[in-house]
Q: 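The structure is given below, and queries will be raised subsequently.
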Amino acid sequence: MQDLSTLLEDRLRSATAAAFGNEHAAVDPLIRPAGNPRFGDFQANLAMALGKVLGQPPRQVAEAIVGKLDRAGLLSDVSLGGPGFINLAIDPAVLAHHAGAMLADGDGGVPQADKPQTVVVDYSSPNVAKEMHVGHLRSTVIGDALVRTLEAVGHTVIRQNHLGDWGTQFGMLIQSLLDQGFDPEAGASAGELTTLYKAAKQRFDDDPAFNAQARERVVKLQAGDAETLAVWRSLVAQSNTYFETIYGRMGVKLGRADVRGESFYNERLAAVVDRLEQGGHLQESQGARVVFPQGFNDRDGAPLPMIVQKSDGGYLYATTDLAAAVFRVDELKAGRVIYVIGLPQRQHFQMFSTTLRQCGWVNDAVRLDYVGFGSVLGPDKKMFKTRSGETVRLVDLLDEAEKRAAGAIAEKNPDLPADEAAAVAKAVGMGSLKYADLSGDRVKDYVFDWDRMLALDGNTAPYLLYSYARIRSIFRKGEIDFDGFMGDGIAVEEPAERGLVLQLLQFGATVASVAESLEPHRLCNYLYELATRYHRFFEACPVLKSEGEQRDARLALCKLTALTLERGLGLLGIDVVERM
């Protein structure tokens, strides 16, 4: 079934063609939800732009379109406003029919992509032998939400966890571990590895002899030395186990099968440089081999180089990123590649993606998307750190989220059984962390505030989870099987019912817009408005106290709201709870 916006667009395009000729049939009707219910449900703003093309007053253009508009089976009222706005009110029977169809639809009204693609999403990307910290939170949470949304609209998504598992730092760490008699079979915990890494880095900076040994160890690693590789493999295996534990706690869709670290591309780097040279794209700059992406200049206006091979023969991140992009397009057959990385990496992404285009390695049919995001700030509006100035460990955030959620739940509902209280605390804690990250425009920094993210009012995860739980409580109180109940249809009689149904019917379009724009806050804003409208409905329209068909219709509307909240939160990676 087409959504209401699509139906309205089709009718308005047909009316425009009838009024002004087929050459204007493709005009965008510019349909938006009405800001005030007094002016209908939707507003079409095409008359202003079309008036300029036709050289006619916009209101005159709007009147002509309305005169040709087919209202049958869709519209109950059409009016003009201002200089030429077309106000559209949907027939209540149409709203009820679409809501009933949405309730019966296993996809919840989410439209499937016209041209499904293979989409590669690069996100999270922690470093081997180091603990994950607050800096990994946003990439992991945003990437997971985008993966779920893209899958929901029918794309085939390939998740890629581009681990930092290669390079000079591993020569340093492996040499230090071997000096200490490290046993690859025994391994070490993530916390121990982080401490060992810091000590090795200090030694690398302070001890010239160790510095030289570490660099020799890098050469051995690249050459496949058995002793060196054994330690490296132990570090990678131990780190992957640790990462899986963190992802499991967070409910993130990343597993070991999704890992393809820097080491995977090591043997492809020389071929990347050779290919650049053969294509005439490679130049020398101060002994290094570089590419000059078009349109990038330094402060003095000189072309800005992107180094792909250092003067000592070593490769850089740019070389690996070029190799990864080629692999994803040529071998994984991606039609779209999405990079979820922080805003400080914007220029790097722009330079290597421009290089891919100008070299002809990735054509215009392949979409490369940069999903940049701001930083997590502390209460002082500076980078979020511990009181001692250390980077905040991600596991500590997860622990604190569950602890604080458990305290709030114990205060609000002390009668919850212990096992259920623990499950609710995890859902609320993880949900609050994620939602605080996703609910704002991702390009902006946000201040980490436990009290705000765990609040039961406002645009927060607890408010949405409470809204879902409130609906489930209605069914428990009425002794009605939530899963089995369908009712005989949804009625749209009261203004609060109308407002709720209109919001529900925008769910599919909202999900589709997130899959296109890669902006999860649009879905958060939608869900917050849905919960708000549900509470208005609940206050204005008694459910269990109503009778007969009205009672069933309102229960059906409650169920559809709960399912939509559950689906929407699920796309954000947040689990619902039946009681709070």
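Counting from 1, the numbers follow the sequence of the chain as shown.
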Q: Is it true that atom CG of Asp481 has more than 12 heavy atoms of other residues, nucleotides or ligands lying nearer than 6.0 Å?
A: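 More than 12 within 6.0 Å, yes.
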
Q: Between Phe327 and Phe264, is the ring centre distance below 6.0 Å?
A: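 They qualify: ring centres under 6.0 Å apart.
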
Q: Can any side-chain N or O of Ser125 pair as donor or acceptor with the backbone N or O of Leu163 at less than 3.5 Å?
A: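 It does not hold such a pair.
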
Q: Is the shortest side-chain N to carboxylate O distance from Arg522 to Glu519 below 4.0 Å?
A: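 Counted as a salt bridge, because a side-chain N and a carboxylate O are separated by less than 4.0 Å.
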
Q: Does any N or O in the side chain of Tyr526 come within less than 3.5 Å of the main-chain N or O of Leu504, such that one atom is a donor and the other an acceptor?
A: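 Present.
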
Q: Hey, are Arg32 and Glu9 close enough for a salt bridge, meaning a charged N less than 4.0 Å from a carboxylate O?
A: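 No, Arg32 and Glu9 are not salt-bridged.
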
Q: Apply side-chain contact (heavy atoms from CB on, under 4.5 Å) to the pair Ile338 and Leu150, showing each step before the final yes or no.
A: CA-CA 11 Å; Ile338 298 170; Leu150 290 161; 3.7 Å; yes

Q: Quick one: which of Leu557, Thr561, Val501 gives a side chain to side chain contact (heavy atoms under 4.5 Å, CB included) with Phe537?
A: Leu557

Q: If you define the side chain from C-beta out and look only at heavy atoms, does anything of Leu456 sit under 4.5 Å from Met580?
A: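 Yes. Closest side-chain heavy atoms under 4.5 Å.
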
Q: Any chance you could lay out the side-chain contact (heavy atoms from CB on, under 4.5 Å) test for Cys558 and Val543, step after step, and finish with the verdict?
A: CA-CA 9 Å; Cys558 287; Val543 178; 3.9 Å; yes

Q: Between side-chain atoms of residues 483-494 and protein atoms elsewhere (two or more places apart, or another chain), which donor-acceptor pairs fall under 3.5 Å?
A:
none

Q: Do Tyr339 and Tyr370 make the cut of ring centroids closer than 6.0 angstrom?
A: no

Q: Just by distance, do the side chain of Asp258 and the backbone of Asn161 share a donor-acceptor pair under 3.5 Å?
A: no

Q: Does the gap between the ring centers of Tyr463 and Tyr468 come in under 6.0 Å?
A: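 No; Tyr468 has its ring centre 6.0 Å or more from that of Tyr463.
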
Q: Counting N and O atoms only, with roles assigned by atom type, does the side chain of Arg533 sit under 3.5 Å from a partner on the main chain of Gly499, one being a donor and the other an acceptor?
A: yes

Q: One thing to verify: whether Lys381 and Asp445 come together as a salt bridge, which I'm taking to mean a side-chain N less than 4.0 angstrom from a carboxylate O.
A: no

Q: Please check if the side chain of Trp232 supplies one atom and the backbone of Asp165 the other of a donor-acceptor pair under 3.5 Å.
A: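 At least one qualifying donor-acceptor pair exists.
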
Q: Check the pair Glu402 / Lys426 against salt bridge (Lys or Arg N to Asp or Glu O under 4.0 Å), numbers first and verdict last.
A: CA-CA 5 Å; Glu402 290 189 27; Lys426 179 178 180 180; 5.5 Å; no

Q: Does a side-chain N-to-carboxylate-O contact under 4.0 Å join Lys198 and Glu390?
A: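 Salt bridge: yes.
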
Q: Indicate yes or no: does Arg159 engage Glu151 in a salt bridge with an N to O separation below 4.0 Å.
A: yes

